[in-house]
Visitor: 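This is the structure I have questions about; it appears just below.
Hydrogens, waters and symmetry mates are skipped; everything else that's a heavy atom, side chains included, is used. Along the sequence shown, the residues carry numbers beginning at 1.
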Amino acid sequence: MTLELKTGTVNDGIVSLTAVALSQAIHQRTLSCVEVISAYFAHIDRMNPHVNALVALGDRDDALREAARADADLAAGVSRGWMHGFPQAPKDTSPVAGMVTTRGSRIYRDTVTQADSVMIARMRQAGSIFIARSNAPEFGLGSHTYNAVYGVTRNAFDQSRTAGGSSGGAAVALALRMLPVADGSDMMGSLRNPAAFNNVFGLRPSFGRVPGYPAEDVFFDQLSTGGPMARSVADLAMLLSVQAGYDQSSPLGRRDDPAQFAKPLTRDCRDVRIGWLGDLEGYLPIESGVLDVCGNALRRFEAIGCVVEPARVDFELEQLWQAWTTLRSFQIAGAQRMHYADPAKRALLKPEAIWEIESGNALSASAVYLASVTRTAWFEALMRLFQRFDFLVLPSAQLFPFDASIDWPRQVAGRAMDTYHRWMEVVVPASMAGLPVLNVPAGFGAGGLPMGMQVIGSPDADWSLLQLGHAYEQACDCVNVSSPLLGTA
C-alpha cells in the first residue's frame, strides 16, 4: 500500500483513509503509528479552529511517545487490537482515566477522572491513543453542542449552524476527518441527530449491547446507551465490535459475542420490507424539504431490492411523549440531585438542566410507574408493526441544522415548541423501545445542509441493521459528500 502525503490539503493520504484501511495499513506496517498521530494532529490544527469540535487537547509529545511504543509493539509482533495506533477523542461525558471530564459543566471544569468507563477501557485496550475530548452540551442535555466551559461546536458543512448533539463534537470531527472513528452516547438522539446534521453514520445499539458502567444506577436507567459513529458502515461495525459485549458490571447487558460485528457485511436485500413512518401522519411538525430529501433517499432502498411502503402505528403519540418526558426527568433529577441541592452548584446549571430536575422532583411514584406502562404498550405496538415490516424508517431530525447562536428552536414548521427538546421528538419512538437504530445520510436540502434518516431494527437486530445500512451506503451517492471546509482550510 503506497500513500502519497500532500501535507496541508484534504488529500492527506492518512486522514482520508477509512478506519478499516487505516488499521490494515498500520498492521501491515506500511504506516507507522507515529506518522498517523502526526498527520492527524496536523489536520486538527487546520480544521478544529473553524468548528471547535475537539477540546482539551492533550500533550502532543506524550501522544507521539505512546505512538512510538505502539510501533515497537508491532515490530515485536504484538498487536493491541483493531484500533492499534488510532487517535481518539472520547466524548466529554464519558470518564477517561487521567483526562479532564467536564461533562460540559463548570461544576467539573478541572475534574480529572481516575478510571475509564467500560466502553472507553475497551477502546483503550484495542489500541486507541487518546489525544483530546469531543465537545458535548452540559450533561449531554439538548441536541445542540455548546457549553460554558468550551463554547459552541459548529457544523461541518456550515459553520453558522449547529452541529447537533449531544455527540456533536464527535460527528464534526468525523466529518472533517479529524478522527477515523468516534464514540458517542444516545438518550434522545445523541448518536443520530449530530450524525444526520454532519452527513456521517451513527448507531444507537440495542439497549444493553454496550455496557454503561460506571453508573450510579444500573437497573432503572434504560434510556441511554453508548455507541459508535463513523464515516462508513464497515468502520461503524468494527468499532461496535470493540465497544460491545457483556460485562458483569451491567446486569441488564446482552451476552452475544461482539465478534459478529467484524464479519463481512454483504447481504441480499431483495424483498426486505421497509415501513416509512414519515411525519407520523402529520403528528410531527417537520421543516419544508426534510421529507423531500428523505423521500429521495428511500429510492436508494428500492434500488437495492427493498420494498418500501407507508407505515402507520396505532398509538396515541402525545401519550408517548408525556411518558418519555416523565421517565427522562425522573432519571435526570436523580442523577443531578446533589448539584441541585447545593445552591452554589445549582447556580452553575443551565436553565434546561434545572427545568429537568424540578420536573423530576415533582413526579410521584405512580406517575413514573404509569409512564413505564405506556412505554410497555408502545413496545407492543411496534412489535405488531414488525410483524409486517423488517425495518422502520423516520427522518433523523424535524428540521435542518439551525442557527448555532440560539439555544434551541422555538418553532418548527410554524408550530411552537413547548420544551427545549420537543423539536427532536422524532427520535423518541426508537429510544423508548430500546431498539437498534442507525442514522444513514439522506442527502442535502436546498440550502446545502445535511439530513439523515433513522433506520429502526427489531429487538437485537443490530447485525442485520448494519448489513442493510452497508447495502444502502453502496447505492447512495450522498454518503461520500465532503464538507466544503475540507477544500478551503
Visitor: Any idea which heavy atoms bring Gly189 and Val427 closest together, and the distance?
Guide: N-CG2, 3.7 Å

Visitor: Is it true that Arg300 and Asp477 make a salt bridge, defined as a side-chain N closer than 4.0 Å to a carboxylate O?
Guide: yes

Visitor: Using a distance-only test with no angle check, is there a side-chain donor-acceptor pair under 3.5 angstrom linking Glu138 and Ser105?
Guide: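 There is no such pair (donor and acceptor under 3.5 Å, judged by atom type) between the side chains of Glu138 and Ser105.
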
Visitor: Would you confirm whether Asp183, through its side chain, and Pro228, through its main-chain N or O, come within 3.5 Å as a donor-acceptor pair?
Guide: no

Visitor: Between Asn361 and Ala333, what is the shortest heavy-atom contact and its length?
Guide: OD1-CB, 3.8 Å

Visitor: To the closest 0.5 Å, what do you measure between CD1 (Ile304) and CZ (Arg267)?
Guide: 8.5 Å

Visitor: Quick one: do the Thr325 and Arg422 side chains pair a donor with an acceptor below 3.5 Å?
Guide: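 Result is no, nothing qualifies.
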
Visitor: Any cation-pi pair here, Lys350 with Tyr146, using under 6.0 Å and within 45°?
Guide: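 Judged by the rule, Lys350 and Tyr146 form a cation-pi pair.
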
Visitor: Between Ser128 (side chain) and Phe130 (backbone), is there a donor-acceptor pair under 3.5 Å?
Guide: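 Not confirmed, Ser128 side chain does not pair with Phe130 backbone.
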
Visitor: For residues Ser206 and Asp462, is any side-chain donor paired with an opposing acceptor at under 3.5 Å?
Guide: yes

Visitor: What are the two closest heavy atoms between Ala173 and Ala53, and how far apart are they?
Guide: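 Result for this residue pair: N-CB, 3.9 Å.
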
Visitor: Check step by step if ring pair (Phe, Tyr, Trp, His ring centres under 6.0 Å) holds for Phe444 and Phe157.
Guide: CA-CA 10 Å; Phe444 295 79; Phe157 286 82; 5.3 Å; yes

Visitor: Looking at Asp390, Ile456, Val455, which one forms a side chain to side chain contact (heavy atoms under 4.5 Å, CB included) with Leu465?
Guide: Val455

Visitor: What's the shortest heavy-atom distance between Phe389 and Ile274, and which atoms?
Guide: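 Heavy atoms only, the tightest pair is CD2-C, 3.5 Å.
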
Visitor: Which class fits the ring pair Tyr420 and Trp355: parallel under 30°, tilted 30 to 60°, perpendicular over 60°?
Guide: perpendicular

Visitor: CG/Leu291 to CG/Asn296 distance, rounded to the nearest 0.5 angstrom?
Guide: 11.0 Å

Visitor: What do you reckon, is CG of Asp314 surrounded by more than 12 foreign heavy atoms closer than 6.0 Å?
Guide: no

Visitor: Does the side chain of Gln336 come under 3.5 Å of the side chain of His339 through a donor N or O and an acceptor N or O?
Guide: yes

Visitor: Answer with yes or no after comparing the ring centroid distance for His144 and Trp423 against a 6.0 Å cut-off, counting only values under it.
Guide: no

Visitor: Quick one, Glu380 with Arg384, criterion side chain to side chain contact (heavy atoms under 4.5 Å, CB included). Give me CA distance, side-chain angles, the key distance, then yes/no.
Guide: CA-CA 6 Å; Glu380 292 170 347; Arg384 290 191 293 272; 4.0 Å; yes

Visitor: Would you sort out whether Glu352 and Glu356 count as a side chain to side chain contact (heavy atoms under 4.5 Å, CB included), showing the intermediate values?
Guide: CA-CA 6 Å; Glu352 293 81 5; Glu356 290 276 18; 5.6 Å; no

Visitor: Atom CG of Leu179 and atom OG of Ser134: how far apart are they, to the nearest 0.5 Å?
Guide: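 Rounded to the nearest 0.5 Å, the CG-OG separation comes to 7.5 Å.
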
Visitor: Charged N to carboxylate O under 4.0 angstrom, Asp256 versus Arg254?
Guide: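 Here Asp256 does not pair with Arg254 in a salt bridge, since their nearest N and O are not under 4.0 Å apart.
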
Visitor: Using atom types as modelled and distance alone, determine if a side-chain donor or acceptor of Ser458 lies under 3.5 Å from a backbone N or O of Ala461.
Guide: no

Visitor: Heavy atoms only: give me the nearest Pro441-Cys476 pair and the separation to one decimal.
Guide: O-SG, 4.2 Å

Visitor: When the side chains of residues 394-401 are checked against the rest of the protein, which donor-acceptor pairs come out under 3.5 Å, sequence neighbours left out?
Guide:
from: Ser396; atom 1: OG; to: Asn439; atom 2: OD1; distance (Å): 2.6
from: Ser396; atom 1: OG; to: Met453; atom 2: N; distance (Å): 3.4
from: Ser396; atom 1: OG; to: Met453; atom 2: O; distance (Å): 3.4
from: Ser396; atom 1: OG; to: Gln454; atom 2: N; distance (Å): 3.2
from: Gln398; atom 1: OE1; to: Glu425; atom 2: N; distance (Å): 3.0
from: Gln398; atom 1: OE1; to: Val426; atom 2: N; distance (Å): 3.0
from: Gln398; atom 1: NE2; to: Pro285; atom 2: O; distance (Å): 3.0

Visitor: Using modelled atom types and a 3.5 Å cut-off, is there a donor and acceptor pairing between side-chain atoms of Arg133 and backbone atoms of Ser94?
Guide: yes

Visitor: Is the side chain of Arg337 donor-acceptor paired with the backbone N or O of Gly334 at a distance under 3.5 Å, no angle test?
Guide: yes

Visitor: Tell me whether Asp92 is salt-bridged to Arg103, with the criterion being a basic N under 4.0 Å from an acidic carboxylate O.
Guide: no

Visitor: Is the backbone N or O of Ala175 less than 3.5 Å from a side-chain atom of Asn199, with the two atoms forming a donor-acceptor pair by type?
Guide: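 No, because the side chain of Asn199 does not come within donor-acceptor range (under 3.5 Å) of the backbone of Ala175.
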
Visitor: Kindly say whether Val181 contributes a backbone atom to a donor-acceptor pair with the side chain of Gln88 at under 3.5 angstrom?
Guide: yes

Visitor: Does this structure show an ion pair linking Asp407 with Arg410, if we count only N-O contacts that are shorter than 4.0 Å?
Guide: yes

Visitor: In Å and rounded to the nearest 0.5 Å, what is the CG to CE distance from Leu240 to Met119?
Guide: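 Nearest 0.5 Å value for the CG-CE distance: 10.5 Å.
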
Visitor: Once rounded to the nearest 0.5 Å, what's the spacing between atom CG of Leu17 and atom OG of Ser23?
Guide: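 Between atom CG of Leu17 and atom OG of Ser23 there are 11.0 Å.
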
Visitor: Decide, yes or no, whether a salt bridge links Arg161 with Asp403 under the criterion of side-chain N to carboxylate O below 4.0 Å.
Guide: no

Visitor: Does Glu281 come within less than 4.0 Å of Arg312, counting only side-chain N to carboxylate O?
Guide: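 Yes.
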
Visitor: Taking Leu438's backbone N and O only, do any of them form a donor-acceptor pair with Arg204's side chain (distance below 3.5 Å, no angle check)?
Guide: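 No.
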
Visitor: Is a donor on one side and an acceptor on the other found under 3.5 Å between the side chain of Asp217 and the backbone of Asp221?
Guide: yes

Visitor: Below 3.5 Å, can you tabulate the donor-acceptor pairs from side chains in residues 164-172 to any protein atom, sequence neighbours excluded?
Guide:
from: Ser166; atom 1: OG; to: Lys91; atom 2: NZ; distance (Å): 2.6
from: Ser166; atom 1: OG; to: Ser190; atom 2: OG; distance (Å): 2.9
from: Ser167; atom 1: OG; to: Lys91; atom 2: NZ; distance (Å): 3.0
from: Ser167; atom 1: OG; to: Ser185; atom 2: N; distance (Å): 3.3
from: Ser167; atom 1: OG; to: Ser185; atom 2: O; distance (Å): 3.3
from: Ser167; atom 1: OG; to: Ser190; atom 2: O; distance (Å): 2.9

Visitor: Apply side chain to side chain contact (heavy atoms under 4.5 Å, CB included) to Gln322 and Thr374, showing your working.
Guide: CA-CA 9 Å; Gln322 295 304 325; Thr374 297; over 6 Å; no

Visitor: Once rounded to the nearest 0.5 Å, what's the spacing between atom CZ of Phe391 and atom CG of Leu385?
Guide: 13.5 Å

Visitor: Can you see whether Asn135 engages Asn147 through a side-chain donor-acceptor pair at a distance of less than 3.5 angstrom?
Guide: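 Checked: Asn135/Asn147 side chains pair up, N/O donor to acceptor below 3.5 Å.
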
Visitor: Any carboxylate oxygen within less than 4.0 angstrom of a Lys/Arg side-chain nitrogen, looking at Arg273 and Glu309?
Guide: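 A salt bridge is absent here (no side-chain N lies under 4.0 Å from a carboxylate O).
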
Visitor: Run through Ser224, Pro194, Ser431 and flag the one making a side chain to side chain contact (heavy atoms under 4.5 Å, CB included) with Asp186.
Guide: Ser431

Visitor: Of all the heavy-atom pairs spanning Ala381 and Val313, show the shortest one and how long it is.
Guide: CB-CG2, 4.3 Å

Visitor: If only atom types and distance count, is the side chain of Trp276 paired as donor or acceptor with the main-chain N or O of Leu298 below 3.5 Å?
Guide: no

